[in-house]
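To start, the structure under review is shown below, and the notes come after it.
Whatever order the structure lists them in is the order used to number ligands and atoms, beginning at 1. Basis for what follows: all heavy atoms, side chains included, without hydrogens, waters or symmetry-related copies.
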Amino acid sequence: MANVVVVGAQWGDEGKGKIVDWLSERADVIARFQGGHNAGHTLVVGEKVYKLHALPSGVVRGGKLSVIGNGVVLDPWHLVKEIATIRGQGVDISPENLMIAENTPLILPIHGELDRAREEAASKGTKIGTTGRGIGPAYEDKVGRRSVRVADLADDATLEARVDRALQHHDPLRKGLGIEAIDRDALVAQLKEIASEILPYAAPVWKVLNEKRKAGKRILFEGAQGALLDIDFGTYPFVTSSNVIAGQAATGVGVGPGSIEYVLGIVKAYTTRVGEGPFPTELDDADGQRLGERGHEFGTTTGRKRRCGWFDAALVRQTCATSGVTGISLTKLDVLDGFETLKICVGYDLDGERLDYLPTAADQQARCTPIYEEMPGWSESTEGARSWNDLPANAIKYVKRVEELIECPVALLSTSPERDDTILVTDPFAD
Ligand code: IMP
């Protein structure tokens, strides 16, 4: 296969960073196609730990082209800092190996301020629990046709006109929320200053990628967040503001849908979520506590404690369908070591009726109770397993049951944050 899309198949934090890094060894190009620096991908390479937010995971590998596509919203100040941090860890980053689509909308300080002010003003039940990075307001401006985009940084008159257009919308909003008025000239000056650091990376990404594709180069599309946070198919309104599902890979960089040949869904062996919103299998007990502690479930971006619960096969079956997942990478199986009994949600009870998917209507979601299947756990350690022979029989049974229930095969099994602690069943890049 020439091109592979990696998507999170739950609420994010499934361990995509490690898998993308592992796959990037086989790829020529690694492209981010949605989200922004709300993402947090941790890569462990030997002794080094890299924490990436806006940069594609491929940057830590030499000889690869990393791409930030137009489907992303980009905070230029954050990016410049992140580049400096990763460079400080000995990684080479230059326009030779990093490109940013010229049509990428920028996240401005006004977006973060608006995001945080809205969250502060929200009452219980309406708060989203965003990362506060300005992601939602930046996407709103994109759709509202008032973004400042990367290409606008190259011409002062255009830049100023774009800023004025955005402020026409933001000034009254800020007033209503009690945020102080924007110093328009200071914002323009800040943008002019950062322009020289961003523009060297600007490129017609759609063109570059289409040329790479024609030349038979392998492209890895790196998704962020998870399909249950998708603006259309997630648990709306407790979602992020972009399409997260695999279809976005095409529009988020400018290639045709036929360019995507394999969709790898990243699936954690249990479930976590940060922020507000429905979570049918959430555990508010010692088992939930144990999953959180063993899985080190704290957000990479915000440091928030993640909510934890049993594996929800009904939801993952749903996300495998909406993203057309070819195979999954099952991660963090080792976190389940030592549980006497494991539960898997196979569907929901809604007012006495059995459903095999989570309904869309919020009131129905609230009335859904999970239907569980119980499986015996295992006492042996699976941490660091590199072949099926290293796994206890009950762990294999658990994995096989997951495959059956989600109607999708396991392609990769990850058993620790280390890059090599992976059991390979199918190489998504294999022909
Ligand atoms: P936003 O993307 O900052 O607007 O946040 C919207 C929702 O998505 C919140 O519930 C966040 O916690 C969640 N979210 C955003 N990015 C990530 C991520 O990378 N991992 C997990 N959850 C995320």
Side-chain angles (χ1 to χ4, degrees), residues 6-20 32-43 51-57 71-75 78 82 105 107-122 124-143 222-245 248 252 265-268 270-279 282 292 295-309 315 319 331-332 362:
V6 170
V7 288
Q10 291 152 313
W11 276 292
D13 311 312
E14 299 91 351
K16 289 181 291 293
K18 167 182 159 173
I19 304 297
V20 169
R32 281 276 313 263
F33 57 88
Q34 51 72 228
H37 63 310
N38 49 349
H41 292 173
T42 306
L43 306 181
K51 288 191 188 285
L52 303 177
H53 296 283
L55 286 167
S57 298
V72 167
V73 281
L74 181 73
D75 179 328
H78 170 89
E82 191 171 318
I107 302 177
L108 305 178
I110 50 176
H111 296 129
E113 286 161 14
L114 185 56
D115 192 358
R116 294 187 291 275
R118 279 174 174 165
E119 285 284 280
E120 267 165 39
K124 195 168 162 25
T126 60
K127 216 181 259 301
I128 305 291
T130 72
T131 58
R133 299 281 169 111
I135 308 296
Y139 276 116
E140 285 170 36
D141 278 0
K142 170 180 176 169
V143 180
E222 177 182 6
Q225 290 89 47
L228 296 170
L229 290 169
D230 183 274
I231 185 75
D232 288 302
F233 293 99
T235 44
Y236 191 91
F238 303 100
V239 292
T240 192
S241 296
S242 64
N243 279 117
V244 175
I245 59 172
Q248 172 65 19
I266 314 295
V267 176
K268 188 147 51 179
Y270 50 100
T271 314
T272 61
R273 154 159 225 178
V274 273
E276 306 298 320
F279 181 173
E282 183 170 12
H296 309 291
E297 296 295 356
F298 293 92
T300 318
T301 301
T302 58
R304 286 182 291 177
K305 195 166 180 280
R306 297 178 186 141
R307 300 156 64 192
C308 297
L315 277 179
T319 56
T331 63
K332 293 186 125 176

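For the salt bridge (charged side-chain N to carboxylate O under 4.0 Å, His left out) criterion with Glu297, the lone passing option out of Arg273, Lys332, Arg304 is Lys332.
Residue contacts with ligand 1: Arg133 is placed with no nitrogen or oxygen under 3.5 Å of a nitrogen or oxygen of the ligand (distance criterion only). Remark: ligand 1 and Thr130 share no N or O pair separated by less than 3.5 Å (distance only, no angle test).
Judged as a ring pair (Phe, Tyr, Trp, His ring centres under 6.0 Å), and not counting sequence neighbours, the contacts of His37 are His78. Taking the side-chain hydrogen bond (donor to acceptor under 3.5 Å, both in side chains) definition, one finds that Asp75 meets it with nothing, sequence neighbours left out.
Considering every non-hydrogen atom in both His296 and Arg306, the closest pair reads O-NH1, 4.2 Å. Of all heavy-atom pairs between Phe33 and Ile245, the closest is CE1-O, 4.3 Å.
Under 4.0 angstrom from ligand 1, the non-hydrogen atoms of Trp11 all belong to its backbone. Residue contacts with ligand 1 for Arg273 are absent, since no atom lies close enough (heavy atoms, distance under 4.0 Å).
The heavy atom nearest to atom 14 (N) of ligand 1, out of those in Leu229, Ile135, Thr235, is found in Leu229. Distances from atom 9 (C) of ligand 1 to the heavy atoms of Gly275, Pro137, Pro237, Gly129 show the closest one on Gly129.
Remark: ligand 1 atoms within the under-4.0 Å shell around heavy atoms of Arg304 are 11 (C), 12 (O). The ligand atoms of ligand 1 that sit less than 4.0 angstrom from a heavy atom of Ala39 are 19 (O).
Distance from atom 21 (C) of ligand 1 to its nearest protein heavy atom, with residue and atom name: Asp13 OD2, 3.1 Å. Among all protein heavy atoms, the one lying closest to atom 17 (C) of ligand 1 is Gln225 CG, 3.4 Å. Scanning all protein heavy atoms for the shortest distance to atom 3 (O) of ligand 1 gives Thr131 OG1, 2.6 Å. Of all protein heavy atoms, the one closest to atom 6 (C) of ligand 1 is Val239 O, 3.3 Å. Of all protein heavy atoms, the one lying nearest to atom 10 (O) of ligand 1 is Val274 O, 3.2 Å. The nearest protein atom to atom 2 (O) of ligand 1, hydrogens excluded, is given as Thr240 OG1, 2.6 Å; this is a heavy-atom distance.
Side chain of Arg32 to main chain of Gly71: no donor-acceptor pair is present (N/O by atom type, distance under 3.5 Å, no hydrogens or angles).
Expressed to the nearest 0.5 Å, how far CD1 of Ile128 lies from CD of Glu119 amounts to 6.0 Å.
Under the 3.5 Å distance criterion, with hydrogens and angles disregarded, a donor-acceptor pair is assigned to the side chains of Asp115 and Thr130. Between the side chains of Gln225 and Thr240, no donor-acceptor pair of N or O atoms lies under 3.5 Å.
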